[in-house]
Amino acid sequence: MKLITHNMLQSNVKGVKNGYPLGIRATKLVIVDVPCNLEYVKNILSRIDYAVLRLAARALGYDELPEEIPKEAQSNEDFFNRVHHALYNIEVEEGVLVCQESGREFNIKNGIPDMLLKENEVK
Amino acid sequence: MEKTVNSKNSLKLAKSLQYKQQKKEHKARQIIAQREGKPVSELVSETPTRWIFLPNFGAGSHVPYDELTAYFKENFPGFEKLTMEKAKTYVMLTFDIPEDAQRVFLALNHQFSDQFQKHVMVIFSKNPPQSDAESATRISGLHLLEDFISETEEAELVQEIEAEDSGWEILNRRRVKHWGYVFDYTTKHIKKDSQTSLPQFYFPVIDKIMRTGILSFRPDQITVNVYEPGAGIPQHVETHSAFEDGVVSLSMLARTVMDLKHPDGAVVHVVLPSRSLLVLTGEARYLWSHGINGRKTDVIDEKIFPRDKRISITFRKVRKQECSCIFLAQCDSWLFRHTGESKRGNTKIEDSFVKDVYDSIAPHFSDTRHKPWPRIQNFLSQLPPGSLVCDVGCGNGKYLGVSGDVYMLGNDQSVQLLKIARDKGHEVAVCNNLYLPFCSDRFDVVISIAVIHHFSTEEHRLQALSELVRILRPGGKLLVYVWAMEQENRKFGQQDVLVPWNMEKKYVQQILSQVEGVRKEKIETLIHSTPQVCKQNKDYVVFQRYYHVFRFGELSGLLKRLPYLEVGDEIFDHANWSCICTKN
């Protein structure tokens with residue numbers, strides 16, 4: 001599971017008001033090398049939650065993203081390379097996602113997060 | 001010079017085409033020989049005969065029997081009949097004289113048929129199709145007892161019936177009268193409060209039926225059909241919930257031919273002689289449908305018999321409890337038990353006939369699902385780079401890699417299918433369409449291909465669609481495909497159906513080796529409890545998938561009930577209804 005996917009995921013457990021973002025813990029990480037398409041990353045940056053991406057990357061040991069999106073971001077190639085790395089190169093193979101509000105943990109196995117709820121957790 | 005090269009090339013082309021055709025035909029002959037259990041030389045004739053093998057048009061090829069029959073009837077004089085049998089990949093055609101069959105050979109052999117979208121091969125057969133009587137015995141649960149009553153008994157019964165001058169219902173070229181209970185042809189059920197006692201004149205024949213030992217109860221409902229010459233009765237399965245196992249019918253006066261059809265398309269013609277008793281039990285009663293084609297004459301053992309007036313008496317036992325047979329796809333009781341069920345999470349149907357089935361058939365299913373449909377592929381490839389796309393119910397992920405420049409997140413309930421998508425390098429998550437684990441207003445595009453029809457209540461279908469809209473950003477686009485009821489190659493009698501999936505047995509071990517724990521037990525139980533069949537000498541496990549097939553307008557109707565959504569036109573594509581919507 002890449003962090004771009006983590007950026008979309010939220011907990012839907014019954015009773016939870018704010019299930020976003022999910023905490024993340026990894027027991028197995030894989031770093032891949034996806035070619036960077038700057039145009040693509042620039043477009044995606046406006047669609048994702050940057051603060052959540054930065055926190056998740058830090059939780060997985062990648063601390064190279066600045067706290068704020070730089071003002072001259074559009075021309076800052078180095079910044080986009082880092083965003084690209086955080087979004088696409090870091091993969092959680094084994095680990096858990098944690099609902100901050102309820103503490104419910106969702107397993108990640110073989111890179112696939114299991115977000116299915118039990119019958120009594122459905123709203 | 002140039003000319004020579006060209007003609008050389010075209011000669012080469014013609015030769016290679018001829019070689020391909022020969023290869024195809026050789027394979028087809030081998031298949032016929034294998035299935036018939038005889039060498040090719042005993043089966044195939046190199047000179048025209050009255051009988052033709054037509055490979056690749058067999059039961060299960062999705063060319064309906066009636067359509068194929070109509071085609072030959074219209075286009076080829078001298079066409080007598082088409083024989084389609086269960087578990088055969090070819091059909092046989094019978095013509096009046098070899099010259100009639102030769103015309104088919106000249107017109108169609110090695111041509112591509114636009115109507116059926118198939119390559120046609122015409123192979124002459126040395127022998128006529130196996131006799132129908134022989135085929136009938138292969139239907140499990142069918143009993144045909146000839147000369148069941150004497151001519152005197154027949155005459156007495158006819159006289160009693162003809163003396164009844166009231167209470168007849170006039171249908172299309174036949175009239176019916178019920179005793180015991182009234183059967184309502186609109187609801188396909190008996191009228192519960194209509195019970196009357198049976199007339200005495202039926203007792204001797206009922207006693208005689210009971211003495212055969214085939215029935216385990218005494219019939220309490222009788223329907224008499226009086227057919228005018230040439231009249232028929234539409235194909236039907238006796239309503240499961242209305243009658244017990246064991247449907248008996250006594251034929252009187254003229255003989256007729258009844259067609260029994262298996263859900264996979266096989267047809268068996270059963271000659272019903274005068275004074276014979278037909279008893280349908282088990283598979284023959286619950287799974288096969290039966291009916292009589294309306295026509296003036298029948299050809300039986302090479303002789304022509306005109307259809308005269310015929311009377312049949314049907315004896316049935318009204319069911320007091322719901323049916324609990326194993327033929328779920330034909331069983332109204334089963335669907336009734338489950339479709340109405342209201343539940344927050346998955347219903348029993350959605351669990352047992354969708355989720356568990358996809359988990360069980362995942363590798364086989366995936367091997368058959370490679371090609372993206374062009375209209376969907378086109379839609380995805382036109383998206384701007386960096387778009388966020390969610391494919392809800394992505395299965396093996398055949399759309400996830402279609403466009404390189406967008407982020408696609410696939411999800412499904414079936415972990416086994418997702419593993420296949422993941423192995424191809426796609427981003428996936430296990431979740432349920434009824435409660436998607438994604439932020440609201442996020443995705444630029446959401447696609448739902450062949451998913452919503454797997455929800456068994458309207459409430460769930462609507463909820464699943466509303467979740468798709470929720471995760472879509474304002475201005476984002478939703479593309480939905482669902483299976484249509486109005487398909488050319490498949491006919492549905494109702495909207496809630498189970499559709500068989502035949503999985504080759506070699507996949508069983510593959511799937512069992514991939515799962516463990518509770519999941520493995522579940523899949524093992526499912527595999528052991530499903531019927532197994534043998535086709536083309538291969539063993540299959542037959543799983544049933546639940547579908548709610550959509551009528552035209554139903555999908556857009558549901559979508560229009562959702563707020564903030566602009567619903568586009570409903571379009572028919574690949575046997576599906578589809579809609580593109582925009583979130584406001």
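Just so we're on the same page: letters track the sequence lines, and every chain starts at 1.
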Inset, instruction - Select, from A:D49, A:V13, A:N37, the one with the greatest count of heavy-atom pairs under 4.5 Å involving chain B. - result: A:D49
Legend entry - Closest-packed option against chain A by number of heavy-atom pairs under 4.5 Å, given B:G345, B:P385, B:C439: B:C439
Inset, instruction - Answer yes or no: are there more than 12 heavy-atom neighbours, outside A:E119 itself, under 6.0 Å from its atom CD? - result: yes
Legend entry - Exceeds 12 heavy-atom contacts within 6.0 angstrom, atom NZ of A:K28: no
Inset, instruction - Can you establish whether the number of heavy atoms outside A:K109 located under 6.0 Å from its atom NZ is more than 12? - result: no
Inset, instruction - Kindly compute the distance separating CZ (A:F106) from SG (B:C431), expressed to the nearest 0.5 Å. - result: 11.0 Å
Legend entry - Side chains of A:M8 and B:L388 in contact at under 4.5 Å (non-hydrogen atoms): yes
Legend entry - Proximity breakdown for A:L117 and chain B, heavy-atom pairs closer than 4.5 Å: both
Inset, instruction - Scan for side-chain hydrogen bond (donor to acceptor under 3.5 Å, both in side chains) pairs involving residues 425-434 of chain B, sequence neighbours excluded, and state none if there are none. - result: A:T5-B:E427, B:N346-B:N432, B:R422-B:E427
Legend entry - Option from A:I44, A:I48, A:N43 for which side-chain contact (heavy atoms from CB on, under 4.5 Å) with B:Y407 holds: A:I44
Inset, instruction - Pick one of side chain, backbone, both or neither for B:L418, based on which atoms fall under 4.5 Å of a heavy atom in chain A. - result: both
Legend entry - Top contributor to chain A interface from B:L434, B:N411, B:L436, B:V415 [non-hydrogen pairs under 4.5 Å]: B:L436
Inset, instruction - Please list, chain by chain and in numerical order, all residues satisfying ring pair (Phe, Tyr, Trp, His ring centres under 6.0 Å) with B:F438, sequence neighbours excluded. - result: B:F443
Inset, instruction - May I ask you to list the residues in residues 76-99 of chain A that approach chain B closer than 4.5 angstrom, counting heavy atoms only, ordered by number? - result: A:Y88, A:E91, A:E93
Legend entry - Sorted by number, residues from residues 351-363 of chain B in contact with chain A (heavy atoms, under 4.5 Å): B:K355
Inset, instruction - With rounding to the nearest 0.5 Å, note down the distance linking CG in B:L409 to NZ in A:K2. - result: 12.0 Å
Legend entry - Sub-4.5 Å side-chain heavy-atom contact between A:I112 and B:V430: yes
Inset, instruction - Would you mind checking which part of B:D423 comes under 4.5 Å of any heavy atom in chain A, side chain (CB onward), backbone (N, CA, C, O), both or neither? - result: neither
Legend entry - Closest non-hydrogen atom pair, A:R47 against B:G386: NE-O, 4.5 Å
